[in-house]
Amino acid sequence: MIDCSICGQQALGRRTTNHGRPRCFACQAAQQIDAALTGPDGVIRPELKPVRDALTELERPRSLLTNWHDLASLRLLTSIARGQVDLSHDALDARPQMFSVTYLRAMLVAAGTLPPRDENAARLHRYAADVVAEVSDPEMRGVLTRYARWHVVGRAKTDRHDRIAPNAAARCRGDIDTARAFLDHLSSGGYDLDDCPQDHLDAWITTDRSRRLGFVRWLKRGGYLRHVWLPEPVPAKDPAHDVDPEEQLALVRRLLHEPGSASIEDRAAACLILLYAQPVAKITALITSDIEVRDGETYLRLGSEPVLLIPPLDALVTALPVAKPFGAASRLADSRWLFTGKNAGTHLHPASLLRRMHQLGVTSRASRNTALLHLASTTPPAVFASLIGVSIGTATRWAGLAGTSWNRYATLPR
């Protein structure tokens, strides 16, 4: 501990860094940040002041000093401050989309320096444009452009916050890739969209039939592929639910009652999957206003009607969000998210939560299906559909799979 010659506080620092006088790590970091963000005119741009404040308020300034030259996001921020890179989404879009760029962009948006936008939608539009640009044949490029822009991206499902969720964006990229692959398949055989023979199409749909037929059906509706016929749709299989219900219940008990079993975040998320069949993309997008406490009981809005949380899950959920020590992102965190992400102002990425769930033994699809089967066997479809946020059709189908009949439920007196 030293008595800092700049701020006068007693704190960790170095004794001979300020012309032979002691200087704490926080003051050293602040001076380095100010030097990096000062433009050619000798001042810090007003738009960058909130970012500067977030950086200087870090709880571990020594870490910032130690890693300063290794942090690509700070080097890019310095280039923006000095006018070498424009302060705009377009300028950041033009750079390779590595973690340092996405991290800095999120920080600039959270600080109010850049306007907010739907990042998944922006990345999806860029991805579609890049894939289309690789198609050399003008007609095929035009077809792929229309399919990607209007049928895939234009119809991408948005979440409750009116944004494209990461998993929805991933499905869209997969559809675009599949369409591009089919066009390559045509070209490899020397065919185009008007003369594709049946055997060439059959060779395409031999594997991964359900995925590969989507673009082909779209082409047929548009008047292409006139000389081929498509197979009849295959009835959907019953969803897999091969997790032993007793084992799943034992895992729930352990996560609920053993604090050392996982973090508060992971325990809460896992129980929402195991008990209420919630998908990870929906869990990560939960916000603090989804929690309601009344008459000493805690409710969480997962569907149209809030569901009453059992103890001690109610305590786990109300303990969220948990503050993250992620540098400037922690200072610029959006407090509405129950599950905060690494990047400033963002919620946890579904893929990250999915990996953590797998480490706990929670296999999202099978575990959700097991929970749905239990709900369908114990609760009328109309009730659990409204509580957990599934359609009445889905709830009714699961009731059928569970072998239960609630035909008389609607006629019972209330």
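Counting begins at 1 with the first residue of the sequence.
Arg105 and His89 form a side-chain donor-acceptor contact under 3.5 Å, judged by distance and modelled atom types alone. For the 3.5 Å distance criterion, the side chains of Thr158 and Arg163 fail to qualify, holding no donor opposite an acceptor. Checked by atom type, the side-chain pair Thr66/Ser63 shows no donor-acceptor distance below 3.5 Å. Between the side chains of Gln198 and Asp202, at least one donor N or O lies within less than 3.5 Å of an accepting N or O. Gln278 and Arg368 form no side-chain donor-acceptor contact under 3.5 Å, judged by distance and modelled atom types alone.
Here the side chain of Trp204 pairs no donor or acceptor atom with the backbone of Phe182 at under 3.5 angstrom. Using a distance-only test at 3.5 Å, with no hydrogens or angles considered, a donor-acceptor pair links the side chain of Thr284 to the main chain of Ala281. Remark: side-chain polar atoms of Asp137 are paired, donor with acceptor, to backbone N or O of Met140 under 3.5 angstrom. No donor-acceptor distance shorter than 3.5 angstrom exists from the side chain of Thr394 to the backbone of Val390, with no hydrogens or angles considered. Without hydrogens or angle criteria, Glu265 side chain to Leu320 main chain gives no donor-acceptor distance under 3.5 Å. Side-chain atoms of Ser367 do not come within 3.5 Å of backbone N or O of Val362 as any donor-acceptor pair. Looking at Asn67, its side chain never comes within 3.5 Å of a backbone N or O of Asp70 through a donor-acceptor pair. Judged by distance alone, with hydrogens and angles left aside, the side-chain atoms of Asp159 form a donor-acceptor pair with the main-chain N or O of His161 at under 3.5 Å. Between the side chain of Arg180 and the main chain of Val132, no donor-acceptor pair closer than 3.5 Å is present. Formation of a donor-acceptor pair under 3.5 Å by the Arg141 side chain with backbone atoms of Val135 is found in this model.
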- Chi angles and distances behind the side chain to side chain contact (heavy atoms under 4.5 Å, CB included) call for Leu12, Arg62: CA-CA 9 Å; Leu12 293 175; Arg62 185 176 188 176; 5.6 Å; no
- What do the steps show when you test Gln97 against Arg123 for side-chain hydrogen bond (donor to acceptor under 3.5 Å, both in side chains), and what is the final call? CA-CA 9 Å; Gln97 296 304 295; Arg123 292 191 196 105; 5.2 Å; no
- Apply side chain to side chain contact (heavy atoms under 4.5 Å, CB included) to the pair Thr298 and Glu292, showing each step before the final yes or no. CA-CA 6 Å; Thr298 301; Glu292 181 182 350; over 6 Å; no
- Evaluate the side chain to side chain contact (heavy atoms under 4.5 Å, CB included) criterion for residues Leu256 and Leu313: first the C-alpha distance (whole Å), next the side-chain angles of each, then the deciding distance (0.1 Å), finally the verdict. CA-CA 6 Å; Leu256 285 176; Leu313 178 56; 3.8 Å; yes
- Item | From CA spacing to verdict: side chain to side chain contact (heavy atoms under 4.5 Å, CB included), Arg95, Val85 | CA-CA 10 Å; Arg95 307 183 74 84; Val85 176; 3.8 Å; yes
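Annotation: side-chain contact (heavy atoms from CB on, under 4.5 Å) contacts of Arg355 (sequence neighbours excluded): Ala351, Ser352. Asp86 pairs by the side-chain contact (heavy atoms from CB on, under 4.5 Å) definition with Ser88, Ala91, not counting sequence neighbours.
A salt bridge does not link Asp90 with Arg117: none of the charged nitrogens is closer than 4.0 Å to a carboxylate oxygen.
Interatomic distance, Leu302 CG to Leu309 CG, rounded to the nearest 0.5 Å: 7.5 Å. A distance of 10.0 Å separates CG of Leu65 from CG of Leu58, quoted to the nearest 0.5 Å. Note that the CG atom of Asp192 and the OG atom of Ser187 stand 8.5 Å from one another [nearest 0.5 Å]. If you take CD1 on Ile44 and CG on Asp41, they are separated by 10.5 Å, rounding to the nearest 0.5 Å. Separation of atoms OG1 (Thr318) and CD1 (Ile264) is listed at 9.0 Å; rounding is to 0.5 Å.
Summarising the local packing, CD of Glu134 is surrounded by more than 12 heavy atoms from other residues, nucleotides or ligands at distances under 6.0 Å. Within 6.0 Å of CZ on Arg149 lie no more than 12 heavy atoms contributed by other residues, nucleotides or ligands.
When each of Arg336, Arg160, Arg301 is paired with Asp290, the salt bridge (charged side-chain N to carboxylate O under 4.0 Å, His left out) condition holds for Arg160 and for no other.
Residues Leu74 and Leu64 meet the side-chain proximity criterion, which asks for heavy atoms closer than 4.5 Å. Taking 4.5 Å as the limit, some side-chain heavy atom of Pro312 sits within range of a side-chain heavy atom of His257. The shortest distance between side-chain heavy atoms of Ile392 and Pro381 falls below 4.5 Å. Side-chain atoms of Leu186 and Leu193, non-hydrogen and from C-beta on, do get closer than 4.5 Å to each other. The closest side-chain heavy-atom distance from Leu255 to Leu274 is below 4.5 Å. For the pair Leu372 and Ile388, the minimum side-chain heavy-atom distance is below 4.5 Å. Considering only heavy atoms from C-beta on, Val109 stays 4.5 Å or farther from Thr113 through its side chain. Side-chain atoms of Ser364 and Pro279, non-hydrogen and from C-beta on, never get closer than 4.5 Å to each other.
Using cut-offs of 30° and 60° on the angle between ring planes, the pair Trp218 and Phe215 is parallel.
The ring pair (Phe, Tyr, Trp, His ring centres under 6.0 Å) pairs that include a residue from residues 342-386 are Trp337-His347, where partners are two or more places apart or lie in different chains.
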